[in-house]
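Hydrogens, waters and symmetry mates play no part in the numbers below; they use all other heavy atoms, side chains included.
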Amino acid sequence: MTISLNHTIVAATDKKASARFLADILGLDVSPEYGPFIPVEIPNGVTLDFYEGVDGPLVPQHYAFLVSEDEFDAIFGRIKDRELPYWADPHHHRPDEINTNDGGRGVYWEDPDGHNLEILTRPYGSGA
């Protein structure tokens, strides 16, 4: 059996702004609105579908993106160009640092709704 993630819903207070924020930082395109969603397609075919219709308080989630070394440099450059706060750890105890977990590089930052975003160049548990 082959199972793969196709899409997930990302709660947002402003779906257009949140989709644009993620797409711009990752160097991707925002897809046309589909029903109540604004999708951002990741190169592996998974879409993050931004949605505003959340009842109650928005609960921040975590979204991690495995990227190449060159992609890391480009994305991290956009994070720094925008002067976004960033951290080496998911709990935000190490500001203005990147991590070198598993022999790769990783960094965390937040989207406008407080979702904890991450890029990493090596999957966890894959290296020394």
Side-chain angles (χ1 to χ4, degrees):
M1 175 173 24
T2 301
I3 299 173
S4 60
L5 181 64
N6 177 263
H7 68 276
T8 192
I9 307 296
V10 180
T13 54
D14 181 335
K15 65 185 177 183
K16 290 180 182 177
S18 292
R20 172 59 45 213
F21 175 86
L22 181 67
D24 286 349
I25 292 290
L26 295 182
L28 302 172
D29 295 320
V30 174
S31 298
E33 193 163 347
Y34 182 78
F37 306 108
I38 297 184
V40 174
E41 185 173 351
I42 308 304
N44 66 353
V46 174
T47 61
L48 284 86
D49 297 339
F50 289 84
Y51 176 69
E52 289 177 9
V54 177
D55 292 329
L58 192 143
V59 177
Q61 299 294 315
H62 174 68
Y63 300 95
F65 304 93
L66 184 62
V67 300
S68 71
E69 291 290 339
D70 289 341
E71 290 165 329
F72 184 96
D73 290 337
I75 295 165
F76 187 54
R78 289 189 284 272
I79 291 168
K80 290 174 69 175
D81 287 346
R82 288 182 172 212
E83 299 181 352
L84 297 173
Y86 62 90
W87 301 267
D89 65 300
H91 301 291
H92 302 178
H93 295 287
R94 295 173 50 201
D96 304 321
E97 295 180 40
I98 63 170
N99 68 57
T100 55
N101 298 339
D102 292 296
R105 294 184 291 163
V107 70
Y108 297 80
W109 76 102
E110 290 183 349
D111 84 344
D113 288 308
H115 294 300
N116 200 23
L117 306 175
E118 174 187 12
I119 52 171
L120 64 160
T121 61
R122 298 279 305 262
Y124 290 118
S126 66

Within one Ile-Leu-Val-Met-Phe-Trp-Tyr cluster: Phe76 and Phe21, side-chain cutoff 4.5 Å: yes
Glu97 vs Asp89 side-chain heavy atoms within contact, under 4.5 Å: no
Pairs where residues 75-85 contributes a residue and the test side chain to side chain donor-acceptor pair (under 3.5 Å) is met, not counting sequence neighbours: Asp24-Arg82
Interatomic spacing from CG in Asp14 to CZ in Arg20 - rounded to 0.5 Å: 12.0 Å
Close side-chain approach of Leu22 and Phe65, heavy atoms under 4.5 Å: yes
Trace of the side chain to side chain contact (heavy atoms under 4.5 Å, CB included) decision for Glu41 with Leu28: CA-CA 8 Å; Glu41 185 173 351; Leu28 302 172; over 6 Å; no
Side-chain touch Tyr108/Leu117, heavy atoms, less than 4.5 angstrom: no
Donor-acceptor contact present, side-chain Arg105 to main-chain Ile98, <3.5 Å: no
Pair listing, side chain to side chain donor-acceptor pair (under 3.5 Å) test, anchored in residues 50-62, at least two apart: His62-Glu118
Shortest non-hydrogen separation from Thr8 to Tyr63 and the atoms involved: CG2-CE2, 4.0 Å
Shared hydrophobic cluster for Leu84 and Leu26 (ILVMFWY, side-chain gaps under 4.5 Å): yes
Flag side-chain contact, heavy atom, 4.5 Å: Ile25 against Asp111: no
Contact check, side chains of Thr121 and Val67, non-hydrogen atoms, under 4.5 Å: yes
Any donor-acceptor N/O pair, Asp102 side chain to Gly104 backbone, under 3.5 Å: no
Flag for Thr47-Asp49: side-chain donor and acceptor within less than 3.5 Å: yes
With sequence neighbours excluded, residues passing salt bridge (charged side-chain N to carboxylate O under 4.0 Å, His left out) with Glu71: none
Trp87 and Arg94, any side-chain heavy atoms less than 4.5 Å apart: no
Thr13: partners by side chain to side chain donor-acceptor pair (under 3.5 Å), with sequence neighbours left out: Asp113
Heavy-atom donor-acceptor pair, Ser126 side chain to Arg122 backbone, under 3.5 Å: no
Test side-chain contact (heavy atoms from CB on, under 4.5 Å) applied to Ser4 - qualifying residues, sequence neighbours left out: none
Asn116 (side chain) donor-acceptor with Glu110 (main chain) under 3.5 angstrom: no
Would you list the atom pairs, donor with acceptor, under 3.5 Å between side chains in residues 29-40 and any protein atom, with sequence neighbours excluded?
unit_1: Glu33; atom_1: OE2; unit_2: Lys15; atom_2: NZ; d: 3.0

Same apolar cluster: Leu66 and Ile75, side chain cutoff 4.5 Å: no
Donor-acceptor contact present, side-chain His7 to main-chain Gly45, <3.5 Å: no
Heavy-atom closest pair, residues Ala64 and Leu120: CB-CD2, 4.1 Å
Closest non-hydrogen atom pair between Leu58 and Pro60, with its separation: O-CD, 3.5 Å
Distance, nearest 0.5 Å, that separates CG of Asn44 from CG of Leu5: 8.0 Å
